[in-house]
Structures are given as structure tokens and as C-alpha cells.
Amino acid sequence: MTYKKLVEEVSEMFKSIGIDDARLTPSKNPAYGELTSLVAFDIAKERGGDPGKIAEEIVKKLSEYKSGMISSVEALSGYINFKVDWMRYSEEILKTVIIQGSDYGKSNIGSGKKIIVEHTSVNPNKALHVGHARNVCLGDTLYRLFCFLGYDVTVLNYIDDSGTQMADVILGFTELGYPLNPEDNLRFDAYCGDVVYVEVSKKIEEDPALAEKRKNIAKLIEERDEKYYKLNREIVEKVLRDQLKTCWRLRARYHILNMESDILTYDLWSEVFKKLYEIGAVYKATSGPKAGCWLLNLSFHPILSKEGDEILIKSDGSTTYVARDIAYGAWKLGGTSKDFKYRVWIRDPWGGEVLVTDLDGDVERPIHGAEKVINVIDIRQKRPQEIVKYALELLGLRANRYIHFGYEVVAMSVKDAVKMGYKPEEGEEFVHMSGRRGLYVKVDTLLDMLKEKIRSEIRDKHPEWSVEKIEEVAEEIAVGALRYSLVKTDTDKMIILDTDEMLKLEGDTGPYLQYSYARACRILEKSSLEYSFKSPIEPVEEEKQLLRRIAYFPEVVEEVGRNLLVKTLPNYAYMLASDFSKFYEKVPVLYADNIELKKFRLAEVLAFKIVLGNVLHLIGVPLVEEM
RNA sequence: GGGCCCGUAGCUCAGCAUGGAUAGAGCAUCGGCCUUCUAAGCUUAGAAAAUGAGGAAAGCCGGGGGUCGGGGGUUCGAGUCCCCCCGGGCCCGCCA
């Protein structure tokens, strides 16, 4: 029994008296019971009359159809409140959760359907910063969510291995004398990003001749010049390997790495361009500042048209980012005749194969027929993403499947920026991260800071623990803290990262959730009694609240699957953990008055542990049994 | 100039999509619980015990703290929907 079934049961009661939509919602206050119907207000609006009286009449009729779980129906100023028989309801909830275990909350609404999620897609010339981590954590949560809902999900990571920013670092290696191997044990991705990229960018700004050289290098890479292409590929793969270490550290998984250079060599674009040309969606500018460029005609689009048409092919014949993304998007939606070949490039820590596009690859992995294609890309790319979607629509690809999952960026507190040598303006409240200027907090740096803090806390609490155990748990808590903080905030809101604030691990944080989980584990391991679903007495309010929350979980999961409001999951997890803390404080389990009660409460604790475990799994917060 | 987003307690944010019963958390602050299921531990007074004091939780309870940015409108009912305004942010490149 879940909340959903309770709704079904009450809906049946209403149907038996001729009301199809009873507008049922969870009661706001436990004093009102479990379920509330607002139908009396609807009827009053439709036919006139006093909602209070209408509700009373409905209650009169309903009382003849009492169902098993409902113990009373009452009308109160227009609301129709249903109370449940908690002796039975609690039994049903516990039975359902404990029997289903890690499947509790799963659904089959996605069975047989495919979903593609693209996330991360960080340029392979630097280490990930916290802004990227927001992308990774959101994307990975979507992946986990849709798996949980029964979909067949493929995760893509787009590797832009042929842009200007690659040319920057190549320039550094070939022309400016930066050694290919960093000194002082720097990780290669951090070396490329923190040292080479930042310093080269600075030099290019000062010396226009270098900008010219960079442009030339970019061209050589794109043309697959023997020396430059090879060097580029080598650096890309090296950085990528390191980047993936960070992503894996965050517990994110990938299936396919799409190299942009391969999108070019597979020439997906020319096919797409041909179609756009045939339907008259593109034209070549013959005069004006954009003479010689091919543009996408946006004049029929109500909003996009206001900012003019979009260049797809530059006057030198090369494609723009938007053009390449249209080609990539068409491929994702199954709208290209060609498909990539892959080779197994690496295995992730969980043994999964990670494929990379490869002209001579021996692996095929068709992805066509996806019901949804979700692209996790920060909000600044909203307009280009809308253009891509519009182009896909013009190509007749049912582009409503193409979803830009946008999110606001992560900025730094002025305090943190100043520590990096930034000179703030008067009244400035945050500082945007910038790879080029070296202003950013790397994911690994932040995780290590968190870890250090946690490590010392663990040492105080468990002086007897081995170094390995401390390391392991500290890592899990650090990751939990970061992941939770990055997914709990509304995607429409900027996160201003302040490392001092971040290191506070009390209250509404990942560790709090993990702590609740560990507490439940402690209780359970101290008893070898069987569980009982039946309570010998009416559960107290703290128990009811916990069970109520537990029963609601499947509803939450489905809702997020529908509206993609990811933060609902962490919010739910927090409420659940908070309900458990109150329960823990007020309701003795191991010291319960009698053995039957103890068995029942053990089942409650177990059910809590299962549900919190399930939701933490969805948001990628590691489960910690002891902390 | 055009498009989009944000504005809820001192600070950080839930709640807004699908309008309903007294607007919720966390941090901070003040006060309380307290060895228990997260630990029969520690310091101190005492010869010792009892007891007292201090301190003590990734915990709990309570207090204070709100013109839900402002103004109109729709509605029996608006933090939630509509319009206008104010403040802040982002985007509008032959970069990606």
C-alpha cells in the first residue's frame, strides 16, 4: 500500500456516488487526516451553492460506502477529510516497502522506451570546476531517475576536441615551450587548465601574432594534419581520462563519448544541410556583414526572429557550433542515415564499458528511437539550443522530444575569488568562474577540502578506525555533501559557492541524510528479531509522519519523471530524514515496551532505511552505514 | 533596444507547474533536552560513593525574527494565475 493506492481507493468511493474527479490531495495538517478532497469547491463553482453544505452532503453519501482503509470521512468548511485506519494502513505500507525493497518506488512507465541524456561535455583542455559538477550531478541524477522509472537510458558525453580552446593548449606545447609532462605531480587535466591554458590565454591577449598562430593550429587540427591532429588527440585523451576520474569520483556514469572531430569526419552535417537546403530553410548571404555565410532563416519563428538569422556556415566554409549541434541533435533523434562506430575506450570503476566514437571501431550501438533526448547544458545556451530545436523541427524530427535541460551557473563568493587574486569591484556580490582567467574552484580541490574536514571529524569520533576506513567514509561523505548541495537548489537559481559555507556539514546537507541512514543501520544491527508489519497499538504521530512520507515516495519519483524538477528528490530526502530524526528522538525502538511493538518499530526503521537508500541512490549520495 | 530568469525571516533557500484550511526549513541568535538506539567516554569539586558544575551530538524541542520586491486585476479563496512597475542576473559573436 502506498499513498497512490489510498488515492485510488478513495477515488473509487467517489466514483460510486458519481464523482469522477474528486481532486484529492494529501491533507495539509495531520489533524485533518490523510487525504482531502476539494471537489465541493469545484461543484460550488460550477453549479453555485455553499461549498460547506455541498461537502456535508457528499460526506453523507460517502459514509455508506466506507472502504477498508478509511476510518472516517468528515466535512469541514468545504473540505472533505479522510482519516485512515492506521493499524491497517501502517501494516500495508510496511509490507509493500519491505517486500519491494530496493524496487520500492520503481515503475514500469518507461519499460521498452529509450531515453538519451547528454551531460558533462566539458572541453578537454582543463580539469572540471564546480560549475561543471552541477551539470554532472544533475545529468547523472536524470540518468538514475529514468533508469529507476524503467527506461533504457544512454548517457552521452560530447567531447569538443576541435575548438579554439584546444588550439590554445596545443600552441602552448608546440610554440611556447610548455613541457608535455607537468612537474610536481600535477594531474594532467589540472596542468593543462590551470597552467597552460591560463598562461597561454594571457599571452595571446598580449600578442596578436599568437592569435594568428592559434587560428592556424585550429585549422590544422580540423584538417587532420599528421602532427597536430595526433598531438591533439593524445592530449584530448589524456585530459579526458583525468576528467573522467573526477566524474567517476562523483559517481557519474557514461556510455558513449562523442568526439566532435568524428561528427565532422562522419559528415553528419552535409546530410542535414542538404535537407535544410531542400526545404528552403537556409540561404547564402550575398551582401552585408555576413556576406558569404549560410544562414538559417528564423523569420518564421515568433521569438528567435527578433535577433536575426543564425549563421550555420561561416564565409570560410567551416561550420559553426550551432550547425554541428544541429547535426548532433539530428543523430540523437535518429534523423541521420549514418551512425557512428565505436571502440571500447575505457572501463568505469563499476565495470561498465565506455565507448568512444571511432571511424574504424568494431562496436555498433544504435541509439535511434529515443522517446526523449535530454541535453544538460547551462542556461546561457538557451537561445542556441532553441535554434537547434527549431532546426530539428524543420527537419521533421518530432523535435518536441529534444529537451534542453537548462540550469543556472555556479559562481564564487567574492571572498573565495579574492583568495585567488581577484580584485573585486565595489558592491560586487559574486564572481563568475572563468577558465581562461583561472578563476574557478576545481571539483577535486573542493572535494579534498571537504574530505580533510570530515576526516578530522571522524578521527575525533572513531579513534579506533583504520586509516583506510576513515578515507573511505570521508570520501563518501564529501561526495554526498557536494552532490546534495548541487542538486537541491532550483535549477533556475544561481549557486554562489562559498567554500567556508560549504564546509558546514550540519542541517540541510548531504551528511545529515547519511547520518540518518547510519542511525537506522545502528538500530537494525542491534536486533536479530523478526520484523512485524502489525502494530499492537495505534502508532504515535512521529510514526505516522514517517510512514506517511514513506508511502508518498513513488508519487515523488513519478512526478519528477514528468516535470524534471530534480530538486524535488533531494527535498523529499531531507524531509524523510528529518521525519526519521524526530521519530528517533521520540520513539524507542530497541527499548520499546513489549516485543511485538519492538518488532513493528524495527520494521518501520527498516522501511525508512530502504526508502532513504532508494532516494539517496537516485541523487547519487553514497550510503554510509557508519559515520 | 529585444528575449529569458530570479526577488519569500538577518543570511541561504522550500512552497509557485495542477490556486485552497494558521507561509515552511537550514544557518545565525537566545533558551532548553541530553549518554541514550551514535556509544556507560572527558574535565572538575569530593577520600569515595551519592551528588554538583563544566563540556559534550553530522541529533531533538522551543523563542524571537515575514508588507511572500511594489501596485493593480481575476477568484468564494492568490506566495501560487494575469497585467504594469522596481531591483538583480543571463543571452542577443563568421566563440563554443
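Keep in mind it's a predicted model, so treat the numbers as computed, not measured.
- Residue A/Ala518 is classed as a base contact, given a heavy-atom separation below 4.0 Å to a base.
- A/Asp50 comes within 4.0 angstrom of no nucleic acid atom, judged by non-hydrogen atoms across all strands.
- Side-chain contact between A/Thr141 and A/Leu569: present, with at least one pair of heavy atoms (C-beta onward) separated by less than 4.5 Å.
- Distance check: A/Phe405 CZ to A/Ile379 CD1 gives 10.0 Å after rounding to the nearest 0.5 Å.
- Within 4.0 Å of A/Ile477, counting heavy atoms only, lies at least one base atom of the nucleic acid.
- Note on A/Ala291: a base of the nucleic acid sits closer than 4.0 angstrom, heavy atoms only.
- The base of B/rA96 is not paired with the side chain of A/Thr320 by any donor and acceptor separated by under 3.5 Å.
- Between B/rA57 and B/rA39, the two C1' atoms lie 11 Å apart (nearest whole Å).
- At whole-Å resolution of the value, CG in A/Asp498 and P in B/rU12 are 11 Å apart.
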*Under 4.0 Å protein heavy-atom contacts per nucleotide of nucleotides 82-93 of chain B, with B for base, S for backbone only and - for none*: -------SSSS-
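- Here A/Pro51 lies out of heavy-atom contact (under 4.0 Å) with every strand.
- Taking 3.5 Å as the limit, the base of B/rA57 and the side chain of A/Asp460 contain no donor-acceptor pair of atoms between them.
- Nearest nucleotide to the A/Ser581 side chain, out of B/rG59, B/rA96, B/rC27: B/rG59.
- At the heavy-atom level, A/Asn571 lies under 4.0 Å from the strands shown only through sugar-phosphate atoms.
- With hydrogens and angles left out, the side chain of A/Ser315 and the base of B/rC94 share a donor-acceptor pair within 3.5 Å.
- When side chains are defined from C-beta on, A/Arg549 counts as touching A/Met575, because their heavy atoms get closer than 4.5 Å.
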*Reading RNA chain B 5' to 3', how would its secondary structure be written in dot-bracket notation, given Watson-Crick and G-U pairs with both distances under 3.5 Å, brackets [ ] for crossing pairs and | for partners on other strands?*
(((((((..((((......[...)))).(((((........((((.....))))....))))).....(((((..]....))))))))))))....
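- Using modelled atom types, one finds no donor on one side chain facing an acceptor on the other under 3.5 Å when comparing A/Asn157 with A/Thr120.
- Using a 4.0 Å heavy-atom cutoff across all strands shown, A/Thr509 reaches no nucleic acid atom at all.
- Both A/Lys28 and A/Gln165 lie near RNA chain B, and the one whose nearest nucleotide falls closer to the 5' end is A/Lys28.
- Here A/Arg324 lies in heavy-atom contact (under 4.0 Å) with sugar-phosphate atoms only.
- A/Asp325 and A/Gln385 form a side-chain donor-acceptor contact under 3.5 Å, judged by distance and modelled atom types alone.
- One finds a side-chain N or O of A/Tyr512 lying less than 4.0 angstrom from the OP1 or OP2 phosphate oxygen of B/rC60.
- Side chains of A/Tyr407 and A/Asp492: no donor on one and acceptor on the other come within 3.5 Å.
- A donor atom on one side chain and an acceptor atom on the other are found under 3.5 Å apart for A/Thr319 and A/Arg324.
- When rounded to the nearest whole Å, the span between CG of A/Leu38 and C1' of B/rC76 equals 13 Å.
- Put simply, A/Lys567 has a side-chain N or O that comes within less than 4.0 Å of OP1 or OP2 on B/rG15.
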*Criterion side chain to side chain donor-acceptor pair (under 3.5 Å) on A/Ser27 and A/Thr36, from CA distance to verdict*: CA-CA 5 Å; A/Ser27 300; A/Thr36 297; 2.8 Å; yes
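- Atom pair A/Glu506:CD and B/rA57:P shows a separation of 9 Å (rounding to whole Å applied).
- Closest to the side chain of A/Ile454, from the set B/rA14, B/rA17, B/rA58, is B/rA58.
- A distance of 6.0 Å or more separates the ring centres of A/Tyr515 and A/Tyr512.
- Judged by the 6.0 Å distance and 45° axis criteria, A/Arg519 is positioned over the aromatic ring of A/Tyr584.
- A/Val624 comes within contact range of no nucleotide atom at all, as no heavy-atom separation falls under 4.0 Å.
- Remark: the separation of the P atoms in B/rC34 and B/rG65 is 28 Å, to the nearest Å.
- Per the geometry, CG belonging to A/Asp316 stands 8 Å off P belonging to B/rC95, to the nearest Å.
- Nucleic acid contact for A/Glu310: none, since no nucleic acid atom lies under 4.0 Å from a heavy atom of the residue.
- Residue contacts for A/Tyr574: at a heavy-atom cut-off of 4.0 Å it reaches the sugar-phosphate backbone alone, with no base atom in range.
- Here the C1' atom of nucleotide B/rG3 and the NZ atom of A/Lys306 are 7 Å apart, to the nearest Å.
- Residue pairs satisfying the ring pair (Phe, Tyr, Trp, His ring centres under 6.0 Å) criterion with at least one member in residues 293-328 of chain A, sequence neighbours excluded, are listed as follows: A/Tyr158-A/Tyr328, A/Phe273-A/Trp294, A/Tyr277-A/Trp294, A/His301-A/Tyr390, A/Tyr328-A/Trp331.
- Between the side chain of A/Asp160 and the base of B/rA96, no donor-acceptor pair under 3.5 Å is found.
- Checked against B/rG15, B/rC95, B/rC60, the side chain of A/Glu585 finds its nearest nucleotide in B/rC60.
- Nucleotides B/rA14 and B/rC68 place their C1' atoms 13 Å apart, quoted to the nearest Å.
- Scanning atom types as modelled, one donor and one acceptor separated by under 3.5 angstrom connect the side chain of A/Lys45 and the base of B/rG77.
- Taking atom C1' on both nucleotides, B/rG69 is separated from B/rG32 by 37 Å, rounded to a whole Å.
- In this structure, A/Met575 and A/Tyr515 both approach RNA chain B, and ranking their closest nucleotides by distance from the 5' end singles out A/Met575.
- Using a 4.0 Å heavy-atom distance criterion, A/Leu503 is classed as making no nucleic acid contact.
- Atom NZ of A/Lys314 is surrounded by more than 12 heavy atoms from other residues, nucleotides or ligands within 6.0 Å.
- Taking atom C1' on both nucleotides, B/rG63 is separated from B/rU67 by 23 Å, rounded to a whole Å.
- Residues A/Tyr574 and A/Thr509 have side chains that never bring a donor and an acceptor to within less than 3.5 angstrom of each other.
- Regarding A/Lys493, its NZ atom lies at a distance of 14 Å from the C1' atom of B/rC11, rounded to whole Å.
- Considering only side-chain atoms of A/Lys504, the nucleotide from B/rC27, B/rC60, B/rA14 that sits closest is B/rC27.
- No contact: A/Asp168 has no heavy atom under 4.0 Å from any strand.
- A donor-acceptor contact under 3.5 Å is formed by the side chain of A/Lys461 with the base of B/rA58.
- As rounded to whole Å, 16 Å separates atom P of B/rG15 from atom OH of A/Tyr572.
- Side-chain proximity of A/Glu457 to B/rU22, B/rC61, B/rA58: nearest is B/rA58.
- Side-chain to base pairing of A/Asp508 with B/rU12: no donor and acceptor N or O lie closer than 3.5 Å to each other.
- OP1 or OP2 of B/rA96 lies within a sub-4.0 Å distance of a side-chain N or O belonging to A/Lys314.
- Residue A/Lys488 contributes atom NZ, which lies 19 Å from atom P of B/rG24 at whole-angstrom precision.
- No hydrogens or angles considered: a donor-acceptor pair under 3.5 Å links the side chains of A/Lys332 and A/Asn375.
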